[in-house]
Number of protein chains: 2
Amino acid sequence: MSMQAMAVSETFSRNGKRPIPPAPVVGLFNLMGAPLTFARNEEVYGEGEPAEYLYTVTSGCVRTSKILNDGRRQIGAFYLPGDIFGLEAGDEHSFSAEALAPTTVRIVKRTALTSRATCDSAMASQLLSLTVSELQRTQCRVLLLIKSAQERVAGFLLEMANRKCTANEIELPMSRQDIADYLGLTIETVSRTLTQLENACAIALPTSRRIVLRNRSALARLNA
Amino acid sequence: MSMQAMAVSETFSRNGKRPIPPAPVVGLFNLMGAPLTFARNEEVYGEGEPAEYLYTVTSGCVRTSKILNDGRRQIGAFYLPGDIFGLEAGDEHSFSAEALAPTTVRIVKRTALTSRATCDSAMASQLLSLTVSELQRTQCRVLLLIKSAQERVAGFLLEMANRKCTANEIELPMSRQDIADYLGLTIETVSRTLTQLENACAIALPTSRRIVLRNRSALARLNA
DNA sequence: CGACCATTTGATATGGATCAAGCGATGTGG
DNA sequence: CCACATCGCTTGATCCATATCAAATGGTCG
């Protein structure tokens with residue numbers, strides 16, 4: 001197994017704040033089976049179910065979430081086409097996963113990966129690389145969560161823009177409530193903050209789901 | 001490589017909220033060299049330095065931290081004897097590491113692990129397992145950070161108590177400021193919250209660094 | 001058109017930050 | 001051995017960012 005998985009710094013800026021999707025893990029994708037489709041809001045798997053598969057998004061968008069015992073919902077992550085999910089460690093899923101929009105995914109059995117990785121060090125390396133990426137993203141979340149609402153929202157927009165590198169206009173697949181639960185804010189605060197950013201000419205909001213980044217450096221400045 | 005690294009659920013309670021140190025990764029420890037010693041507040045490595053080594057704490061305690069560009073400090077993690085640190089991904093360290101107390105660590109070169117893991121699937125598995133543990137802990141941090149000050153402090157105390165399984169009395173190796181920076185709170189709020197928990201008979205504070213858990217279930221209840 | 005849902009906006013409340021002072025333990029020099 | 005400076009922690013008073021409660025707006029679909 002090569003150590004490339006632990007040497008992913010080229011996917012990050014110097015200060016570790018700007019995650020970019022890791023290089024595609026080709027071997028893993030080759031093991032993926034036929035596509036499954038899910039409707040908007042359909043559950044891909046539930047919290048507590050045995051974690052038998054790894055999933056990759058081929059189209060659409062998936063969110064992972066869990067309900068805390070006081071009723072609050074925490075979003076684990078959003079997964080876009082090309083992303084792999086379902087490996088949050090453990091024999092059973094610690095989050096549930098739902099499609100945010102009509103979505104297709106392809107799956108591979110974990111046991112298949114097990115046996116393959118035992119003898120295939122490239123595959124083992126890919127698994128490690130995947131986990132490291134997930135760790136990186138989670139660490140960036142931690143950095144966001146200790147900051148102000150403006151910084152969180154700005155950081156979120158930059159993260160989404162960097163992931164789908166489609167110039168400066170992004171179509172958000174998730175609702176305000178999803179964003180709020182992801183950032184540990186309320187829906188009202190997210191909405192107000194977006195309005196503030198618009199008034200500051202940092203972004204434009206042609207529609208509520210479509211966001212134009214007018215001034216990335218202003219956003220990045222917020223994102224201390 | 002076995003899939004055991006992805007099957008660490010036995011180290012977690014059903015709801016994924018109570019991390020316990022993973023099984024020791026013996027092979028990795030065997031590669032570790034002679035002990036190095038560090039004085040209180042001495043730097044083990046600095047942010048931005050090349051990440052050449054992996055470290056294990058043999059005695060004392062280490063914290064990783066980074067200074068944000070607005071002057072705030074973020075603590076990455078605390079490492080106790082038996083813990084391994086220095087693998088926060090990337091060619092260079094994204095955090096610095098400092099000894100909280102007189103500390104000894106042992107180290108192994110990353111390149112040594114690289115070559116070893118390429119042909120030794122057990123070693124590869126250990127690396128994955130280690131990264132998964134780190135991911136798990138970071139995810140627990142995220143859950144803490146979206147909660148109230150009481151919940152964060154209670155969760156922190158339970159985490160520390162679970163790691164050093166020394167009954168119900170724990171000696172905190174870190175200052176209030178370290179705790180505050182770890183939890184994204186101020187030192188005053190941490191102090192006040194501990195006082196509240198003491199008044200509620202959930203804990204006792206024989207000295208400021210020594211904490212007795214009087215009522216774990218009350219703490220856990222806070223820790224939604 | 002009308003019902004419904006997501007989003008925005010407004011008014012008020014509150015938890016934690018900030019500013020400021022006091023306290024206790026530890027260590028140092030006289 | 002004591003006086004005093006220092007450091008880490010606690011406590012108090014006030015302020016502010018975000019939550020909460022409430023209502024208006026706008027877009028979508030039958």
Side-chain angles (χ1 to χ4, degrees), chain A residues 39-41 63 68 70-75 100-102 144-157 171-200 203-211 222 224, chain B residues 39-41 61 63 68 70-75 98 100-102 144-157 171-200 203-211 222 224:
Chain A
R40 183 178 142 83
N41 287 323
R63 73 164 174 250
L68 307 185
D70 62 356
R72 277 176 302 191
R73 187 184 63 159
Q74 166 66 2
I75 302 286
L100 279 173
L144 268 195
L145 290 176
I146 64 167
K147 300 201 230 169
S148 72
Q150 276 215 354
E151 292 170 314
R152 292 188 215 187
V153 172
F156 172 74
L157 293 179
E171 177 83 27
L172 295 179
M174 70 291 287
S175 71
R176 294 288 186 267
Q177 188 64 62
D178 289 327
I179 299 173
D181 290 343
Y182 181 73
L183 295 177
L185 298 170
T186 60
I187 183 174
E188 294 97 329
T189 298
V190 170
S191 181
R192 272 186 251 269
T193 303
L194 287 171
T195 306
Q196 284 165 24
L197 292 176
E198 188 176 29
N199 291 339
I203 63 172
L205 289 161
T207 76
S208 69
R209 293 289 184 106
R210 181 164 290 276
I211 298 197
L222 284 177
Chain B
R40 183 178 142 85
N41 288 322
C61 180
R63 72 165 175 251
L68 308 185
D70 62 356
R72 276 175 302 191
R73 187 184 63 158
Q74 167 66 3
I75 301 286
E98 304 102 34
L100 279 174
L144 267 195
L145 289 176
I146 64 168
K147 300 200 230 169
S148 72
Q150 275 215 354
E151 293 170 313
R152 292 188 214 187
V153 172
F156 171 74
L157 293 179
E171 177 83 26
L172 295 178
M174 70 291 285
S175 71
R176 294 288 188 267
Q177 187 64 61
D178 288 327
I179 300 173
D181 290 343
Y182 182 73
L183 296 176
L185 299 170
T186 60
I187 182 175
E188 294 97 330
T189 299
V190 171
S191 182
R192 272 186 252 270
T193 304
L194 287 171
T195 306
Q196 284 165 24
L197 292 176
E198 189 175 28
N199 291 339
I203 62 172
L205 290 160
T207 77
S208 68
R209 293 288 184 105
R210 181 163 290 277
I211 299 198
L222 284 177

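It should be emphasised that the depicted structure is a prediction, and the values quoted were computed from it without experimental measurement. Letters A, B, ... are given to chains in the order of the sequence lines, protein chains preceding strands, and every chain is numbered from 1.
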Picking from dT7(C), dT18(D), dG16(C), the nucleotide nearest the side-chain atoms of Ala149(A) would be dT18(D)

Between P of dT18(D) and CG of Leu145(B), the distance in whole Å: 15 Å

With a non-hydrogen cut-off below 4.0 angstrom, is Leu185(B) in contact with a base, only sugar-phosphate, or nothing? sugar-phosphate

Testing dG16(C), dT10(D), dT8(C) for proximity to the side chain of Ser208(A), the answer is dT8(C)

Are Thr189(B) and dA17(C) close enough that a side-chain N or O sits under 4.0 Å from OP1 or OP2? yes

Determine the contact category for Thr207(A): base if any of its heavy atoms lies under 4.0 Å from a base atom, sugar-phosphate if only primed atoms, P, OP1 or OP2 are that close, otherwise nothing. nothing

dA17(C) C1' sits how many Å from Asp181(B) CG, rounded? 14 Å

Would you kindly give the CG-to-C1' distance between Asp178(B) and dC9(D), to the nearest whole Å? 13 Å

Nearest-Å distance for atom pair CZ/C1', residues Arg72(A) and dT18(D): 14 Å

Protein-nucleotide distance (Arg209(A), atom CZ; dG26(D), atom P), rounded to Å: 19 Å

In whole angstroms, how far is the P atom of dT10(D) from the CG atom of Leu197(B)? 12 Å

If you go through the side-chain atoms of Glu188(A), does one of them form a donor-acceptor pair with the base of dC21(D) closer than 3.5 Å? yes

Report yes if the side chains of Arg176(B) and Ser208(B) come closer than 4.5 Å at any heavy-atom pair, otherwise no. yes

5'-most contact on DNA chain D: Ser191(B) or Thr186(A), nearest heavy atom basis? Ser191(B)

So do Leu194(A) and Leu157(A) actually touch side chain to side chain, heavy atoms under 4.5 Å? yes

CG on Leu68(A) to CD1 on Ile146(B), rounded to 0.5 Å: 5.0 Å

Presence of donor-acceptor pair under 3.5 Å, side chain of Arg192(B) and base of dG12(D): yes

Calculate, to the nearest 0.5 Å, the distance between atoms CD and CD1 belonging to Glu198(A) and Ile211(A) respectively. 9.0 Å

Among dG16(C), dT8(C), dT10(D), the nucleotide that comes nearest once only the side chain of Ile187(A) is considered: dT8(C)

Please pick, from dT8(C), dC9(D), dT11(D), the nucleotide with the shortest atom-to-atom distance to any side-chain atom of Thr195(A). dT8(C)

Heavy-atom distance under 4.5 Å between the side chains of Gln196(A) and Gln150(A), does that happen here? yes

Grab the CD-P distance between Glu198(A) and dT7(C) for me, whole Å please. 15 Å

Whole-Å gap separating C1' (dG8(D)) and CG (Leu172(B)): 14 Å

